[in-house]
Amino acid sequence: MRLTIRDIQKMAADGIPIPMLTAYDATSARLSEAAGVPMLLVGDSLGMVIQGHTDPIPVTMEHIIYHCSIVTRVTDHAFVVGDLPFMSYNVSPEQALENAARLMQEGRANAVKLEGGEALAPTIARIVQAGIPVMGHVGLTPQSVYKLGGMRLQGKDVDSARQVLHDAQAVQAAGAFAIVLEAIPAPLAKLVSDKLAIPTIGIGAGPDCDGQVQVFHDLVGLFEDFVPRHAKPYVQLAPLIRDAVNQYVAEVEAKQFPDADHSFSMKPEILAALEAEGA
Ligand code: KIV
């Protein structure tokens, strides 16, 4: 049975750390769920790791809905959060509600995530009032990369750290069931986590959050364009894949692949009959 926000909140309340991962396709979603990941994020990081952009700005509702529908189709236990992409929720609370509803209906997401703090509280409240669970996201908010002047650590000085705390509190007060804290100093993430009742899920936010979220491709060493400092590749798949593809190319060029083990045979009389027909 699929987990719910109550299960996720109970894990945090019971002190059970929550390992969350991004997923965009059937294979990685199945592997992650089978490995015990309780919460999957169809994140707009797909703009970088799937689509090859340098930031998530070009990602659209259609893209997220497409990937979300795949991840929810092939999983039956993990709680699946769909990311609302750039400008799909910033125009008005009504626009946000309409797009959150699309992500639930067409993508079959179990909840939506959106970036922003105090300024987005009325939007979060509107979506939650309509019955859709919302995950907040404060600190480094990648959709604001151009305003922030890059993917930078947030909350480094008193004003900025206070703002991160206020943003997180506003997101909780608006009704979010959990919140991502991205790229903030570990002691600030601990302070925020101590002050909030909802689960905090960190990425580049140190060990004291209730859970962690990582981009799947970073975790398995598949994305080599840029490896963020907070990411830990548990395996380096990219060189393994390069080796495998190199071998394949060499074997095809040398006519060693496919060999008899990877080919299909035919009864000689069938071939003989064809040849007799002059085929
Ligand atoms: O899109 C994403 O993958 C995210 C995580 C980095 C939290 O928002």
Side-chain angles (χ1 to χ4, degrees), residues 8 12 17-24 37 39-49 53-57 59 64 81-86 89-90 111-121 123-124 134-157 159-172 174 176-196 198-219 223 226-232:
I8 300 299
I18 303 162
M20 186 178 192
L21 259 186
T22 64
Y24 322 101
V37 172
M39 189 156 57
L40 293 169
L41 171 65
V42 183
D44 63 0
S45 49
L46 69 84
M48 283 84 87
V49 298
H53 298 296
T54 52
D55 57 54
I57 306 301
V59 177
I64 296 282
V81 181
D83 223 356
L84 284 169
F86 181 68
Y89 56 94
N90 316 72
V112 301
K113 178 170 84 60
L114 58 82
E115 298 180 3
E118 282 181 309
L120 267 295
T123 300
I124 294 172
V134 175
M135 175 177 248
H137 184 156
V138 301
L140 170 59
T141 46
Q143 291 173 14
S144 305
V145 58
Y146 291 98
K147 181 182 162 206
L148 298 174
M151 302 280 194
R152 303 171 175 283
L153 186 72
Q154 302 296 303
K156 281 193 293 187
D157 57 40
D159 287 345
S160 152
R162 190 186 302 112
Q163 188 60 51
V164 170
L165 176 59
H166 286 170
D167 282 339
Q169 287 171 322
V171 165
Q172 171 174 277
F177 77 94
I179 185 167
V180 170
L181 307 179
E182 178 162 358
I184 59 172
L188 175 59
K190 176 169 173 19
L191 179 80
V192 173
S193 300
D194 289 346
K195 288 209 178 281
L196 294 193
I198 57 174
T200 58
I201 310 293
I203 173 163
D208 294 309
C209 298
D210 297 298
Q212 299 292 327
V213 58
Q214 286 287 302
V215 170
F216 180 85
H217 292 59
D218 291 339
L219 192 90
F223 187 68
F226 170 68
V227 182
R229 162 136 182 245
H230 61 70
K232 177 176 174 187

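Residues take their numbers from the sequence shown, with the count starting at 1. Heavy-atom basis, side chains included; hydrogens, waters and symmetry copies ignored.
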Which pair of non-hydrogen atoms, one from [X] and one from [Y], has the smallest distance, and what is that distance?
X    : Y    : result
I179 : A168 : CD1-CA, 3.7 Å
A170 : A121 : O-CB, 4.0 Å
V37  : P19  : CG1-O, 3.3 Å
I57  : Y146 : CG1-CE1, 3.8 Å
V164 : I184 : CG1-CD1, 4.1 Å

Taking side-chain contact (heavy atoms from CB on, under 4.5 Å) as the definition, give me every residue that meets it alongside [X], ordered by chain and number, with sequence neighbours left out.
X    : value
A186 : P207
A12  : I18, P199, D210
L120 : Y89, L114, T123
P56  : D44, M48, P142, Q143, M151

Can you tell if the side chain of [X] reaches within under 4.5 Å of the side chain of [Y], non-hydrogen atoms only?
X    : Y    : answer
T141 : E182 : no
Y24  : V49  : yes
L181 : V138 : yes
V81  : M39  : yes
L191 : D194 : no

If only atom types and distance count, is the side chain of [X] paired as donor or acceptor with the main-chain N or O of [Y] below 3.5 Å?
X    : Y    : value
T22  : F216 : yes
E118 : H166 : no
Q212 : G204 : no

Nearest 0.5 Å please: distance from the [atom1] atom of [X] over to the [atom2] atom of [Y].
X    : Y    : atom1 : atom2 : value
H230 : L140 : NE2   : CG    : 8.0 Å
L41  : M20  : CG    : CE    : 4.5 Å
S160 : L153 : OG    : CG    : 8.0 Å
L188 : S193 : CG    : OG    : 9.0 Å
D83  : M135 : CG    : CE    : 10.0 Å
Q214 : I201 : CD    : CD1   : 12.0 Å

Under the side chain to side chain donor-acceptor pair (under 3.5 Å) test, residues paired with D218 that sit two or more places apart: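 Once residues adjacent in sequence are excluded, D218 has no partner under the side chain to side chain donor-acceptor pair (under 3.5 Å) criterion.
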Side chain to side chain donor-acceptor pair (under 3.5 Å) against Q169, all qualifying residues, sequence neighbours excluded: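 Scan of Q169 (side chain to side chain donor-acceptor pair (under 3.5 Å), adjacent residues dropped) gives none.
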Side chain to side chain contact (heavy atoms under 4.5 Å, CB included) between D55 and F86, worked out: CA-CA 10 Å; D55 57 54; F86 181 68; over 6 Å; no
Residues Q163 and D167: side-chain donor-acceptor under 3.5 angstrom: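 D167 and Q163 do have a side-chain donor-acceptor pair below 3.5 Å.
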